[in-house]
Amino acid sequence: MTKLRFNLEDIEAAMADMSGFCVECGAEREGCEPDARNYRCEVCGADAVFGAEELILMGRVDVGPGRKAS
């Protein structure tokens, strides 16, 4: 199974909004701490929502062409 990846722009917006993403279905969830792990997804029901910063640490963020990870 292919792991979902997220683009840096979406992660930066989620960091500003205190949101996270489900690694199973890709849905965004509001009200996530930066280090959130395994929160319940309101869309698919999986305990697979992670905070934006946590997704960076997990290596699930694509930086994109011409940009370097900090």
Side-chain angles (χ1 to χ4, degrees):
M1 181 177 176
T2 303
K3 292 182 178 182
L4 283 181
R5 300 195 51 85
F6 303 89
N7 69 53
L8 184 59
E9 291 77 19
D10 290 341
I11 293 297
E12 288 173 335
M15 290 167 66
D17 295 339
M18 292 289 292
S19 296
F21 292 95
C22 177
V23 297
E24 293 293 324
C25 74
E28 185 172 0
R29 177 179 162 170
E30 296 179 351
C32 288
E33 290 88 3
D35 61 347
R37 295 180 180 182
N38 301 313
Y39 281 23
R40 176 74 38 107
C41 178
E42 298 166 347
V43 174
C44 73
D47 292 328
V49 174
F50 291 81
E53 286 87 341
E54 189 68 23
L55 289 167
I56 293 170
L57 294 174
M58 293 168 62
R60 302 289 283 273
V61 178
D62 291 323
V63 177
R67 297 188 73 169
K68 293 183 179 178
S70 50

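One is the number of the first residue; the rest follow in order along the sequence. Because the structure is a prediction, the values reported are computed rather than measured.
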Hey, could you give me the [atom1]/[atom2] distance between [X] and [Y], rounded to the nearest 0.5 Å?
X	Y	atom1	atom2	answer
E54	E33	CD	CD	11.5 Å
M18	R29	CE	CZ	11.5 Å
I11	I56	CD1	CD1	6.0 Å
D10	M15	CG	CE	13.0 Å

By ring pair (Phe, Tyr, Trp, His ring centres under 6.0 Å), which residues pair with F21, not counting sequence neighbours?
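In terms of ring pair (Phe, Tyr, Trp, His ring centres under 6.0 Å), with neighbours along the sequence ignored, F21 is linked to F6.
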Of all residues at least two apart in sequence or in a different chain, which pass the ring pair (Phe, Tyr, Trp, His ring centres under 6.0 Å) check with Y39?
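So Y39 forms no ring pair (Phe, Tyr, Trp, His ring centres under 6.0 Å) with any residue.
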Does L57 belong to the same Ile/Leu/Val/Met/Phe/Trp/Tyr cluster as F50, with side-chain heavy atoms less than 4.5 Å apart forming each link?
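Cluster IDs for L57 and F50 differ.
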Which heavy atom of [X] sits nearest a heavy atom of [Y], and at what distance?
X	Y	value
R5	D62	NE-OD1, 2.7 Å
V43	A27	CG2-CB, 3.5 Å
A46	E24	CB-CG, 3.9 Å
C22	C25	SG-N, 3.4 Å
L8	V63	CB-O, 4.1 Å
A14	A52	CB-CB, 3.9 Å

Determine whether V23 and L55 make a side-chain contact, defined as any pair of heavy atoms from C-beta on separated by less than 4.5 Å.
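Yes, their side chains come closer than 4.5 Å.
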Quick check: do R60 and K3 have side-chain heavy atoms less than 4.5 Å from each other?
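Yes, side chains in contact.
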Counting only heavy atoms from other residues, nucleotides and ligands, does the tally under 6.0 Å from CZ of R37 exceed 12?
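Not buried by this count: 12 neighbours or fewer within 6.0 Å.
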Would you say the side-chain atoms of E28 and S19 include a donor-acceptor pair closer than 3.5 Å?
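E28 vs S19: donor-acceptor pair found between side chains.
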